[in-house]
Amino acid sequence: MSYEPMLTVRLYAIVLTALLVLTVLTVAVSFISLSPASHETIGLLIALVKASLVVLFFMHVIHAPRLTWLIVLVAIVWLVVLLSLTFTDYFSRNLIPHMPGH
């Protein structure tokens, strides 16, 4: 039988507080006058931190075996591949000149 360290209620409360603070930060940043790209970048970075906290603590990946870490890593790689293909398509749409009448 393997030893699995237990996550304490105090740790869950700290993670929950961090998630709530990050949510408030997301809303606060939305009221700051920045460029749209800055808003998107900051929002995605905050979302990445929040998703990492949820996966690590609430999904118990932090104490999971290596196979679980490998599965999470593969999922992240596939997400990056899919987002890269999506953004490549989106940003390259204006590179092809539009022909009138076609």
Side-chain angles (χ1 to χ4, degrees):
M1 185 170 171
S2 66
Y3 171 74
E4 214 175 294
M6 295 296 294
L7 298 175
T8 63
V9 174
R10 182 174 183 265
L11 183 61
Y12 280 121
I14 291 170
V15 173
L16 174 64
T17 304
L19 290 171
L20 292 173
V21 167
L22 288 169
T23 301
V24 169
L25 182 64
T26 303
V27 173
V29 166
S30 72
F31 288 106
I32 298 173
S33 178
L34 297 171
S35 68
S38 297
H39 275 286
E40 291 170 2
T41 304
I42 293 170
L44 285 173
L45 287 174
I46 294 171
L48 178 68
V49 172
K50 288 176 9 180
S52 299
L53 287 173
V54 169
V55 168
L56 288 174
F57 292 100
F58 292 113
M59 295 177 72
H60 303 284
V61 172
I62 197 161
H63 295 297
R66 290 181 192 258
L67 181 61
T68 304
W69 280 93
L70 180 65
I71 291 169
V72 169
L73 180 65
V74 168
I76 291 170
V77 167
W78 275 111
L79 178 65
V80 168
V81 167
L82 291 174
L83 286 176
S84 299
L85 292 172
T86 301
F87 285 125
T88 300
D89 175 55
Y90 180 74
F91 290 123
S92 66
R93 287 182 182 190
N94 293 332
L95 297 177
I96 300 173
H98 178 70
M99 294 182 161
H102 288 279

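Hydrogens, waters and symmetry mates play no part in the numbers below; they use all other heavy atoms, side chains included.
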> Are Ile46 and Ile42 side-chain neighbours, meaning at least one heavy-atom pair lies under 4.5 Å?
Replying inline: yes

Please report, to 0.1 Å, the donor-acceptor pairs under 3.5 Å made by any side chain of residues 14-30, with sequence neighbours excluded.
residue: Thr17; atom: OG1; partner: Ala13; partner atom: O; Å: 2.7
residue: Thr23; atom: OG1; partner: Leu19; partner atom: O; Å: 2.8
residue: Thr23; atom: OG1; partner: Lys50; partner atom: NZ; Å: 3.4
residue: Thr26; atom: OG1; partner: Leu22; partner atom: O; Å: 2.8
residue: Ser30; atom: OG; partner: Val27; partner atom: O; Å: 2.5

Would you give the length of the straight line joining atom [atom1] of [X] to atom [atom2] of [Y], rounded to the nearest 0.5 angstrom?
X	Y	atom1	atom2	value
Leu53	Met59	CG	CE	13.0 Å
Ser33	His39	OG	NE2	6.5 Å
Ile62	Thr68	CD1	OG1	13.0 Å

>> Membership question, hydrophobic clusters at under 4.5 Å side-chain separation (ILVMFWY): are Val54 and Leu11 in the same one?
In response: yes

> Does Asn94 have any side chain to side chain donor-acceptor pair (under 3.5 Å) partners at least two apart in sequence or in another chain, and if so, which?
Replying inline: none

Listed pairs under 3.5 Å, donor-acceptor, residues 75-86 side chains, sequence neighbours left out:
residue: Ser84; atom: OG; partner: Val80; partner atom: O; Å: 2.7
residue: Thr86; atom: OG1; partner: Leu82; partner atom: O; Å: 2.8

>> Can you tell me how the ring of Phe58 sits relative to the ring of Tyr12, calling it parallel under 30°, perpendicular over 60° and tilted otherwise?
In response: parallel

> Do you know the tightest heavy-atom contact between Trp69 and Val61?
Replying inline: NE1-O, 3.0 Å

